[in-house]
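As structure tokens, the structure follows; a few thoughts come after it.
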Amino acid sequence: MIALYHCVSARSFRPLWMLEELGAPYELRMLPFPPRVRERSYLEINPLGTIPYLIDGDTRMTESAAMCQYLAERFDPDNLRGLAVRPGEPGFGAWLNWLHHGEATLTFPQTIVLRYGRFEPDERKLPQAADDYAKWFIARLRGIDAVLAQHEFLSAERFTAADISVGYALMLAGQLDLVARFPTNVAAYWQRLQQREGFRRGLAAQRDAALAQGVSPHDAGID
Ligand SMILES: N[C@@H](CCC(=O)N[C@@H](CS)C(=O)NCC(=O)O)C(=O)O
């Protein structure tokens with residue numbers, strides 16, 4: 001069975017949401033945030049100390065967007081649920097683009113906001129960096145806003161793993177109080193994504209696993 005190491009509402013929510021959309025079996029192993037500091041033994045499992053970490057037989061993965069692609073192939077090789085977009089489909093390039101955009105372009109600036117706006121001790125906080133990268137993140141939403149002005153989802157006219165990748169970046173923005181600054185189409189899209197059963201099951205799964213495993217079920221303020 002897949003084992004997924006997870007902290008509440010961390011990037012590991014991407015593969016968790018994916019597993020729920022696929023209806024795949026998995027074991028959720030909860031860690032306090034940040035595990036590198038609060039669960040030192042985790043470094044023996046994942047030398048990076050980061051979340052997510054996915055184990056499937058001999059497979060070991062540390063990248064949340066890649067995990068979404070992997071899980072689609074692993075549990076739905078015929079793509080019956082449509083969470084992947086295949087090379088022969090017109091939306092293939094767009095799918096890969098937005099799948100990676102969610103992490104590489106949208107989540108990255110938010111980690112600077114978190115670190116230099118919240119996590120560092122006061123003497124190391126950098127309000128200007130936090131404000132500038134919050135603006136940087138909001139400005140980068142223009143790309144998906146333009147697509148969402150014409151389409152319900154980001155690629156192939158259906159909900160896919162790309163929406164999970166970008167959707168998680170929007171979820172993280174909620175922890176940073178940035179949702180009120182979303183452009184109109186992004187705001188409506190984020191409302192739609194939160195209605196999905198798979199998203200809601202992911203939230204319930206992390207809360208239940210956190211309570212069962214003695215970890216706080218509240219958002220840790222993730223970096
Ligand atoms: N690119 C990786 C980033 C993984 C990552 O940096 N995760 C954060 C949590 S969301 C983390 O583990 N931070 C704690 C640390 O760096 O110690 C991914 O998409 O999974």
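Whatever order the structure lists them in is the order used to number ligands and atoms, beginning at 1. The first residue in the sequence is number 1, and the count goes up from there. Atom set for the values below is all heavy atoms of this structure, side chains included, hydrogens, waters and symmetry mates excluded.
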Problem - Glu63 contact mode with ligand 1 (heavy-atom cut-off under 4.0 Å) - result: both
Exercise for the section: Report the part of Arg11 (side chain from C-beta onward, or backbone N, CA, C, O) that has a heavy atom under 4.0 Å from ligand 1; answer both or neither where that applies. Expected result: both
Practice task
For residues Phe13 and Phe199, establish whether the separation of their ring centroids is below 6.0 Å.
Solution key: yes
Report yes if [X] has an N/O atom closer than 3.5 Å to an N/O atom of ligand 1; otherwise report no.
| X | answer |
| --- | --- |
| Thr50 | no |
| Gly49 | no |
| Glu103 | yes |

Problem - Side-chain donor-acceptor contact under 3.5 Å, Arg11 with Thr111 - result: no
Problem - Close approach of Thr107 to ligand 1, heavy atoms, under 4.0 angstrom - result: no
Practice task
Mark the output for Pro52 as yes if a heavy-atom distance to ligand 1 is under 4.0 Å, and as no if none is.
Solution key: yes
Exercise for the section: Scan Thr50, Thr62, Ile55 and name whichever one has a side-chain contact (heavy atoms from CB on, under 4.5 Å) with Tyr5. Expected result: Ile55
Problem - Any side-chain heavy-atom pair of Leu106 and Leu172 under 4.5 Å - result: no
Practice task
Decide side-chain contact (heavy atoms from CB on, under 4.5 Å) for Arg158 and Val85; before the verdict, give the C-alpha distance in whole Å, the side-chain angles of both, and the deciding distance to 0.1 Å.
Solution key: CA-CA 10 Å; Arg158 62 178 187 261; Val85 179; 3.8 Å; yes
Practice task
Output yes when Arg181 and Asp131 qualify as a salt bridge under the 4.0 Å nitrogen-oxygen rule, no when they do not.
Solution key: no
Exercise for the section: Taking only heavy atoms of Ala10 into account, list the atoms of ligand 1 that are under 4.0 Å away from them. Expected result: 10 (S)
